[in-house]
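Working notes for the structure below.
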Amino acid sequence: NNNNNNLENWSIKRLEKLSRIFPLKRIEHKQPHCWRCNNKLIYRMTSQIFIKLNSILEKAKNEIKKTNFIATKSKTMFESTFNSRPDQWCISRQRIWGVPIATLRCKDCANNKIDAKFLNKTAKFIGQFGLEKWAQLVIISQNTIETSDELFKYCLLDYNTNTNTNNNLNICNYCKSNRIEIQSDTIDVWFESGLAKKI
């Protein structure tokens, strides 16, 4: 915090010296605000998708030890950051751009359903029709389509609608509702960039 104040003071003095500073006034905000438009920001709780890192943490630590860092200080900082991270990673982001997380969500209880078959069908759909068409489909699934049967028919996904199977995507596992939508979250860009080498 002290370093930030020093940097701020140095920057202000430098700008004054160059005659490039406008009148300076300090404002104390009682709540967070947007630095662009000055509107107040409201934090709200949202459901997120996490992955467990337990199975890969040790492997990652071993790989860090094998990595040749140009500056040893960088390695120490990286190891410290890595060791302090939790054993879960929130991979979902609420943005209108990015790679979609192709999961289904119950409209009644908000339970997420992740299925390999649905992921593969989604990849084929995006490959054939493009990401923009997928984004339109997400909006339609959330606002227009009421039942999962309508949804799968609309997005050309041929699913067995047999409700006796445990892995039936048409029915919510928790509340047994058939009001399913495609959730609109996108994947964390850091997670995505880490996977890029594997794809």
Side-chain angles (χ1 to χ4, degrees), residues 32 34-37 39 41-57 59-60 85-199:
C34 173
W35 65 273
R36 289 183 179 139
C37 64
N39 286 333
L41 298 176
I42 298 170
Y43 289 109
R44 64 185 178 93
M45 298 292 286
T46 56
S47 61
Q48 303 294 338
I49 298 172
F50 290 82
I51 57 169
K52 290 182 181 177
L53 300 174
N54 305 22
S55 60
I56 61 167
L57 283 176
K59 185 178 177 184
R85 88 171 288 120
D87 61 353
Q88 292 183 348
W89 187 349
C90 177
I91 61 165
S92 52
R93 299 291 181 268
Q94 291 68 52
R95 296 194 174 111
I96 57 171
W97 53 268
V99 175
I101 300 176
T103 61
L104 297 167
R105 180 178 289 156
C106 176
K107 287 186 177 185
D108 292 327
C109 74
N111 173 50
N112 279 315
K113 191 178 269 197
I114 300 171
D115 179 79
K117 187 178 177 186
F118 183 70
L119 290 171
N120 289 331
K121 295 248 180 195
T122 300
K124 286 179 184 172
F125 184 96
I126 292 171
Q128 186 176 353
F129 300 107
L131 203 51
E132 289 77 15
K133 187 75 174 171
W134 179 258
Q136 290 171 6
L137 180 61
V138 170
I139 293 167
I140 290 167
S141 84
Q142 293 176 349
N143 299 311
T144 307
I145 295 173
E146 278 301 310
T147 67
S148 53
D149 291 337
E150 288 177 72
L151 170 64
F152 296 140
K153 188 176 178 183
Y154 183 86
C155 61
L156 310 176
L157 300 173
D158 53 333
Y159 279 103
N160 178 8
T161 56
N162 179 8
T163 55
N164 295 326
T165 58
N166 290 331
N167 201 24
N168 179 28
L169 292 176
N170 298 34
I171 303 294
C172 175
N173 294 344
Y174 288 94
C175 72
K176 306 304 179 199
S177 168
N178 74 334
R179 291 170 23 88
I180 305 293
E181 67 183 5
I182 302 169
Q183 67 92 8
S184 57
D185 292 351
T186 58
I187 202 158
D188 171 33
V189 292
W190 293 110
F191 185 81
E192 178 195 345
S193 65
L195 289 176
K197 189 178 177 185
K198 299 279 183 192
I199 297 171

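From a predicted model like this one, the values you see are computed outputs, not experimental measurements.
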Residue among Ser177, Cys175, Cys172 satisfying side chain to side chain contact (heavy atoms under 4.5 Å, CB included) with Asn111: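 Result for side chain to side chain contact (heavy atoms under 4.5 Å, CB included) with Asn111: Cys172.
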
Indicate yes or no: at least one non-hydrogen side-chain atom of [X] is less than 4.5 angstrom from one of [Y].
{"X": "Phe129", "Y": "Leu137", "value": "no"}
{"X": "Thr186", "Y": "Ile101", "value": "no"}
{"X": "Leu131", "Y": "Pro100", "value": "yes"}
{"X": "Tyr43", "Y": "Pro32", "value": "yes"}
{"X": "Ile182", "Y": "Phe118", "value": "yes"}
{"X": "Gln183", "Y": "Ser47", "value": "no"}

Rounded to the nearest 0.5 Å, what separation is found between the OG1 atom of Thr103 and the CG atom of Asn112?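 With rounding to 0.5 Å, OG1 (Thr103) is 4.5 Å from CG (Asn112).
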
From Ile49 CD1 over to Gln88 CD, what is the distance, rounded to the nearest 0.5 angstrom?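 Rounded to the nearest 0.5 Å, the CD1-CD separation comes out at 13.0 Å.
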
Can you name the residues that form a salt bridge (charged side-chain N to carboxylate O under 4.0 Å, His left out) with Asp87, not counting sequence neighbours?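 Asp87: no salt bridge (charged side-chain N to carboxylate O under 4.0 Å, His left out) contacts found.
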
List in chain and number order the residues that pass side chain to side chain contact (heavy atoms under 4.5 Å, CB included) with Glu132, two or more places apart in sequence or in another chain; answer none if no residue qualifies.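 Glu132 satisfies side chain to side chain contact (heavy atoms under 4.5 Å, CB included) with no other residue.
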
Among all residues two or more places apart in sequence or in another chain, which pass the side chain to side chain contact (heavy atoms under 4.5 Å, CB included) test with Gln48?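 By the side chain to side chain contact (heavy atoms under 4.5 Å, CB included) rule, Gln48 matches Thr46, Phe50, Cys90, Ser92, Gln94.
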
Tell me if the CG atom of Leu41 is crowded by more than 12 foreign heavy atoms within 6.0 Å.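 Enclosed: over 12 neighbouring heavy atoms sit under 6.0 Å from CG of Leu41.
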
